Chemist: 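Just dropping this structure here.
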Amino acid sequence: MRLKRTDLCGVLTKQDVDREVVLAGWVKKRRDHGGLIFVDLGDRTGYSQVVFNPEVDKESHAQARSVREGWVILVKGKVARRPEDSMNPKLGTGEIELMVEDLEILNVSRPLPFSPDDEIGTDEEVRLKYRYLDLRRPTMQKNILLRYRLTRLVRDFMDKKGFVEIETPFLTKSTPEGARDYIVPSRVYPQEFYALPQSPQLFKQLLMVAGFDKYFQIVKCFRDEDLRADRQPEHTQIDIEASFVEEEDIYRLVEDMLVSIFKNLIGVSLKAPFPRLGYKEAVERYGSDKPDTRFGSELVDVSVWASGGSFEVFRKVLEDGGKVKGIKIPDASSLSRKDMDELCRWITLYGAKGLSWILLSSPGPRSSLTKFFSEGSLKRVAQDMGGKEGDGLFFVAGPGEMVNQSLGELRLKLAKRFNLIPQGKYQPLWLVDFPLLNRDGEGNLTSLHHPFTSPREEDLPFLEDTPDLVRARSYDIVLNGKEIGGGSIRIHKREIQERVFKVLNIDLLRAREKFGFLLDALSSGAPPHGGIALGLDRLLMLMVGASSIRDVIPFPKTQKAVCLLTQAPSPVDEKQLRELGLEVRRKSSSSK
RNA sequence: GGGGCCGUAGUUCAGUUGGUUAGAACGCCUGACUGUCGAUCAGGAGGUCGCGAGUUCGAGUCUCGUCGGCCCCGCCA
């Protein structure tokens with residue numbers, strides 16, 4: 001490079017007029033008038049118009065005729081005030097332009113598959129294939145830079161609180177109790193495998209035993225499960241653990257941190273302490289363990305009313321120990337018969353057999369239940385639920401869990417449709433009082449959080465006899481209906497850990513084989529400890545209002561866990577496999 | 001493992017009841033042009049209609065399969 005950059009493209013103003021500057025950047029746009037050539041030269045700060053005028057410099061003007069969009073150039077020249085009638089008020093740098101005296105072409109570019117502007121809607125498949133171009137878009141630049149500022153703020157914050165960042169290994173031991181592991185074959189020990197960590201959980205507990213009483217880490221975690229709009233196979237978490245703490249210490253720390261993050265990075269004031277809601281209550285009132293409490297429309301149990309009509313479905317459900325619950329949605333009486341049919345079909349996704357409804361439209365209410373309930377009875381339930389003219393009431397009958405889930409989902413769906421969610425509002429919430437265990441599809445006990453979560457002391461006597469009733473010392477942090485973190489006070493005594501393993505049907509032999517090192521550590525002077533992990537990507541999603549986690553991750557994977565940029569995963573050489581002692585069983589048809 | 005939506009030029013899309021040579025805008029190429037900023041004007045190139053099979057005299061269009069992308073259920077301690 002002959003020339004050396006002196007200034008950034010997007011920040012020049014009329015204060016810079018008459019300065020001699022050198023700008024470097026990408027040609028965003030070129031307008032060739034034959035005599036004059038205008039180029040919008042941009043970098044991550046924005047762009048400035050640079051002017052090639054043969055009367056200023058003949059050579060650079062001649063050279064500029066060949067310059068194309070996407071090329072990388074350096075230009076030297078004097079900042080000039082634009083003629084009054086050609087100022088561009090839409091542009092921060094619109095009052096000035098650079099009169100080019102010297103041009104250096106640093107690199108050419110092929111015509112790009114898409115212009116890296118925010119205006120152009122390009123399919124995500126194309127964006128991911130050329131992610132380096134997509135990342136040039138101002139929105140993506142903003143997101144990635146915010147990500148950096150967030151991690152920096154967290155590190156500063158935790159440092160001030162006396163926490164130390166300590167790295168934990170990525171090549172570690174497989175513990176198939178939780179999510180599916182990503183497995184890495186060992187070359188030195190053929191037929192043996194490492195696993196990529198789903199979280200540094202056990203290591204951070206060992207660090208507590210080691211006396212690093214305040215640990216944190218901004219760290220990648222890996223889970224080989226199917227993806228969603230807010231789930232990637234590798235995600236980053238803010239992982240925290242501390243000794244000699246109780247729930248309140250963690251709450252206060254996280255509240256301070258989130259308040260600081262939102263204040264400093266996006267200028268939003270969160271009110272601390274955050275409200276707390278019991279797990280059971282959340283599920284009964286909102287149909288979710290990560291309720292969005294920015295709006296009402298809570299679930300109401302109307303089983304007593306439902307038993308009064310002649311609707312066989314309700315009666316049968318109630319006889320079988322099920323429930324009938326309802327929600328009230330403002331403005332929903334405008335829904336058409338066709339809308340209702342669609343909702344009926346949609347709600348079966350969550351196991352509901354159907355959807356009953358009362359639309360309080362004028363002149364009179366419409367309902368799917370008119371055949372089974374008198375008009376007075378319908379009016380009464382509407383009144384009980386606080387329904388006003390214009391509202392829609394929706395009912396689901398069935399086993400309690402299913403009713404809660406499906407109505408909870410319906411509540412969210414209709415809230416979006418009828419704009420019940422206040423924009424720009426951030427509502428954090430602690431979810432507390434979780435049970436320690438729940439049952440999987442086959443009725444086996446599994447950890448709700450993870451097997452290292454401490455039961456409440458006063459519930460310990462019931463662990464073996466009535467394990468379903470034992471409460472956990474765990475907590476989730478929920479923001480706007482998204483789970484952004486979870487943690488617990490851990491078990492720090494070997495005896496209790498062994499009892500929990502046993503209740504989870506992990507026998508002593510297997511527990512020792514899988515978690516022997518933890519049990520030994522717990523019997524080596526483990527202090528009481530606990531912590532939390534916050535999902536950094538989801539937090540960012542909420543902060544920038546992204547609808548997909550991919551928009552805050554520089555190089556994300558597709559829904560089928562493929563990197564469209566590098567085409568990973570991919571087959572490896574026969575030689576590599578041999579060294580690892582592996583043989584691939586080929587499927588008759590390609591799976592990718 | 002399952003359900004839904006989608007796939008046509010570099011990009012975003014249109015394409016009728018199955019019917020001639022598959023169109024538009026932007027982008028790209030060539031030329032003209034000294035105040036443009038979605039520059040303008042004149043001309044031009046660019047297509048395995050994701051792929052395969054079937055139905056048909058004839059398929060971008062219908063059927064089946066398959067690959068890929070997105071959203072969701074299951075899964076995600």
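Lettering of chains follows the sequences in order, A, B, ..., and the numbering in each one begins at 1. Because the structure is a prediction, the values reported are computed rather than measured. Note: hydrogens, waters and symmetry copies are ignored here, and every other heavy atom, side chains too, is used.
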Chemist: May I ask you to say what D123(A) touches in the nucleic acid, namely base, sugar-phosphate or nothing, with a heavy-atom cut-off under 4.0 Å?
Modeler: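 Since only primed, P, OP1 and OP2 atoms lie under 4.0 Å of D123(A), the category is sugar-phosphate.
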Chemist: Counting only distance, no hydrogens or angles, is the base of C76(B) paired donor-acceptor with the side chain of R231(A) under 3.5 Å?
Modeler: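 Counting by modelled atom types and ignoring angles, a donor-acceptor contact under 3.5 Å is found here.
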Chemist: Given G69(B), is OP1 or OP2 found less than 4.0 Å from the side-chain N or O atoms of T558(A)?
Modeler: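 Looking at the OP1 and OP2 atoms of G69(B), one of them is under 4.0 Å from a side-chain N or O of T558(A).
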Chemist: Find which nucleotide of RNA chain B each of P54(A) and L448(A) is nearest to by heavy atoms, and output the residue with the more 5' nucleotide.
Modeler: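 Its nearest nucleotide being more 5', the pick is P54(A).
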Chemist: Do the ring planes of F434(A) and Y279(A) sit parallel (below 30°), tilted (30 to 60°) or perpendicular (above 60°)?
Modeler: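 F434(A) and Y279(A): tilted rings.
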Chemist: NA contact type, R68(A), heavy-atom cut-off 4.0 Å: base, sugar-phosphate, or nothing?
Modeler: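 Sugar-phosphate, backbone atoms only, no base.
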Chemist: NA contact type, R110(A), heavy-atom cut-off 4.0 Å: base, sugar-phosphate, or nothing?
Modeler: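 Answer is nothing: R110(A) stays at 4.0 Å or more from every strand.
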Chemist: With the side chain of Q49(A) defined as its heavy atoms from C-beta on, choose the nearest nucleotide among U36(B), C28(B), C75(B).
Modeler: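 Of U36(B), C28(B), C75(B), U36(B) is nearest to the side chain of Q49(A).
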Chemist: Quickly, which of K28(A), R136(A), R137(A), K29(A) forms a salt bridge (charged side-chain N to carboxylate O under 4.0 Å, His left out) with D117(A)? Name it, please.
Modeler: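 So, applying the salt bridge (charged side-chain N to carboxylate O under 4.0 Å, His left out) to D117(A) and each of K28(A), R136(A), R137(A), K29(A), only K28(A) qualifies.
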Chemist: Would you classify Y350(A) as touching base, sugar-phosphate or nothing, given that sugar-phosphate means primed atoms plus P, OP1 and OP2, and contacts are heavy atoms under 4.0 Å?
Modeler: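 The residue Y350(A) makes sugar-phosphate contact but no base contact.
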Chemist: Return a single string for nucleotides 3-10 of chain B, one symbol per nucleotide in 5' to 3' order, where B is base contact, S is sugar-phosphate-only contact and - is none, cutoff 4.0 angstrom on heavy atoms.
Modeler: -------S
Chemist: Between Q205(A) and Q201(A), is any side-chain donor less than 3.5 angstrom from a side-chain acceptor?
Modeler: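 Yes - a donor-acceptor pair under 3.5 Å links their side chains.
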Chemist: Of the nucleotides U36(B), G69(B), C71(B), which one has an atom closest to the side chain of R31(A)?
Modeler: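 From the listed options, U36(B) comes nearest.
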Chemist: Give the nucleotide from the list U34(B), A32(B), U11(B) with an atom nearest to the side chain of V126(A).
Modeler: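 Nearest nucleotide to the side chain: U11(B).
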Chemist: By a 5.5 angstrom centroid cut-off and a 30 degree plane limit, is there stacking between H33(A) and A39(B)?
Modeler: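 The ring of H33(A) is stacked on A39(B).
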Chemist: Go ahead and name the base partner of C28(B); Watson-Crick or wobble counts if both distances stay under 3.5 Å, otherwise write none.
Modeler: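 Its partner is G44(B).
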Chemist: Where along residues 80-98 of chain A does a heavy atom come under 4.0 Å from RNA chain B, residue by residue in number order?
Modeler: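 Close to the strand are R82(A), P83(A), S86(A), M87(A), N88(A), K90(A), E97(A).
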